[in-house]
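I have placed the structure first, in the form of structure tokens, so that the comments after it can refer back to it.
Every number for a ligand or one of its atoms is a count from 1 in the order of the listing. Note that this is a predicted model, so its numbers are computed, not measured.
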Amino acid sequence: MSKIILTGDRPTGRLHVGHYVGSLKRRVELQNSGEYDAIYIMIADAQALTDNADNPEKVRQNIIEVALDYLSCGLDPARSTLLIQSQIPELTELTFYYMNLVTVSRLQRNPTVKNEIQMRGFQASIPVGFFTYPISQAADITAFKATTVPVGEDQLPMLEQCKEIVHKFNSVYGETLVDPDVMLPSNAACLRLPGIDGKAKMSKSLGNCIYLSDTPEDVRKKVMSMFTDPGHLRVQDPGKVEGNPVFIYLDAFCTDDHFSRYLPEYSCLQEMKEHYMRGGLGDVKVKKFLNNVLQEELDPIRQRRKEFEKDIPGVYEILREGTEKAERVAAATLRDVKHAMKIDYFDDHALIAEQSRKYQ
Ligand code: TRP
């Protein structure tokens, strides 16, 4: 069986280092591994509109930001198909048929939906489109016959819901859809990178993100202002590394090589952590090191971004070509789905023959 990747992001803002360690970096590695027959990366604008219906301009403006972030991280349009969700009507059509296979109570139990309803204060007035976006996400995944979906941990309930739809569809209409596997980040620190303020999640609305497109100076300022262990007041005090964002970022980003380049007095992160826990290692020194590590990772991304920024029409062209290619694949799946559901009347010669016998 072919190995096919599909994943995506809502275009509601620029992508940040949490997206990067949680998924983007992995996507590029998977792309470069050459092990996959196809890779689809979706800008999920229709999904973004489910909770931004009154602000399509925000979504419209951020499509290019996300595309630039993708390209600058090393996603290569020759090897990965970049596409815009709303321009593929087959996805909406699949969603409509899958809706018959999901109950309202099942959607109400989806933990991600529950959480988002709370975060957005929707409680008493949940838009139907928002409520059903897990079904649309199942359409995204199945339209491309994805076998592997690399996402962050918060997307697990979406994948479960998708698998249920696949099983239900296949058991009602016959084996048609591919059952996808989720692929989570392997490093625990990458699963959920906290904000620079130590809050559980990096999020645009909390203003605690380091963006891939931040200037070196922005990144430096953000790192130097990071929350650390509030009990670590003087350099000689013992400090905590668990739950300390500076060390969580180091867990996510740094390698032993970084120490030999920037801080040769330690050979690895564990040694540095031990010193911090014993006392005698100041936050500023740790932050300066983290800044070096981050700048080294972000620098090539910024350089590539500058190149792509010079040709914005070219970036839209990449998206148009990717979307057209993706639509052909989604259209083939939709044909399979309609055939399995026996709603492909004009190609259903048995049906036409049967009806004509009835009326002879
Ligand atoms: N829900 C995902 C997010 O919020 C975006 C997304 C849309 C997606 N469709 C997808 C992710 C399909 C994986 C597969 O980030």
Side-chain angles (χ1 to χ4, degrees), residues 4-24 26-27 30 36 38-52 58-59 62-63 65-67 69-70 73 75 80-88 90-92 94-95 98 107 110-117 119-120 129-166 177-185 190-193 201-205 209 322-323 326 329-330 333:
I4 299 173
I5 287 180
L6 176 120
T7 188
D9 303 274
R10 297 181 191 185
T12 52
R14 292 178 290 154
L15 300 180
H16 51 61
V17 295
H19 293 116
Y20 181 72
V21 289
S23 175
L24 277 171
R26 186 69 165 289
R27 292 179 203 175
L30 294 170
Y36 289 84
I39 301 178
Y40 299 95
I41 309 289
M42 167 183 289
I43 301 185
D45 62 333
Q47 187 177 110
L49 286 167
T50 66
D51 64 328
N52 287 283
K58 172 163 120 192
V59 174
N62 279 302
I63 285 179
E65 295 300 333
V66 171
D69 286 331
Y70 284 168
C73 284
L75 286 173
S80 299
T81 305
L82 308 185
L83 61 120
I84 304 184
Q85 185 186 29
S86 66
Q87 305 305 298
I88 303 187
E90 287 81 356
L91 298 174
T92 324
L94 285 172
T95 305
Y98 294 172
L107 282 173
N110 183 311
T112 308
V113 174
K114 260 188 178 163
N115 181 23
E116 287 177 325
I117 286 172
M119 267 167 44
R120 288 167 180 68
F130 173 79
F131 187 58
T132 56
Y133 91 76
I135 306 176
S136 135
Q137 190 155 331
D140 301 340
I141 296 167
T142 53
F144 301 100
K145 300 195 157 58
T147 52
T148 309
V149 184
V151 283
E153 196 182 28
D154 62 322
Q155 296 295 304
L156 270 177
M158 297 295 146
L159 263 288
E160 255 167 57
Q161 185 114 45
C162 175
K163 288 167 89 70
E164 280 174 35
I165 291 172
V166 169
L177 301 176
V178 175
D179 192 3
D181 287 323
V182 66
M183 184 187 258
L184 292 174
C190 298
L191 270 175
R192 184 160 298 210
L193 203 69
K201 205 177 166 178
M202 204 174 262
S203 129
K204 189 176 50 241
S205 45
C209 307
T323 303
V329 177
T333 304

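In this structure, Ile63 CD1 and Gln85 CD are separated by 10.0 Å, a value rounded to the nearest 0.5 Å. Summarising the geometry, atom CD1 belonging to Ile4 is positioned 6.0 Å from atom OH belonging to Tyr40; distances are rounded to the nearest 0.5 Å.
Annotation: side chain to side chain donor-acceptor pair (under 3.5 Å) contacts involving residues 41-52, sequence neighbours excluded, comprise Arg10-Gln47, Asp45-Ser86, Gln47-Gln137, Asp51-Arg120, Asn52-Lys58.
The closest non-hydrogen atom to atom 9 (N) of ligand 1, taken over Val151, Asp140, Val149, comes from Asp140. If you check each of Leu6, Val182, Thr7, Asp9 against atom 12 (C) of ligand 1, the one with the closest non-hydrogen atom is Leu6. The option with the heavy atom closest to atom 6 (C) of ligand 1, from among Arg10, Gln137, His19, is Gln137.
For Gln47, a nitrogen or oxygen atom sits less than 3.5 Å from a nitrogen or oxygen atom of ligand 1, counting backbone and side chain alike. Below 3.5 Å of separation, one finds no N or O of Gln85 facing any N or O of ligand 1.
Residues Val21 and Pro185 have side chains not in contact (no heavy-atom distance under 4.5 Å, counting atoms from C-beta outward).
Listed by chain and number, the residues in a salt bridge (Lys or Arg N to Asp or Glu O under 4.0 Å) with Lys163 are Asp179, Asp181 (sequence neighbours excluded).
Judged by distance alone, the side chains of Thr142 and Tyr98 do bring a donor and an acceptor atom under 3.5 Å apart.
Nearest protein heavy-atom contact of atom 3 (C) of ligand 1 is Gln155 NE2, 3.6 Å.
Close approach to Ala44 involves these atoms of ligand 1, each under 4.0 Å from a residue heavy atom: 7 (C).
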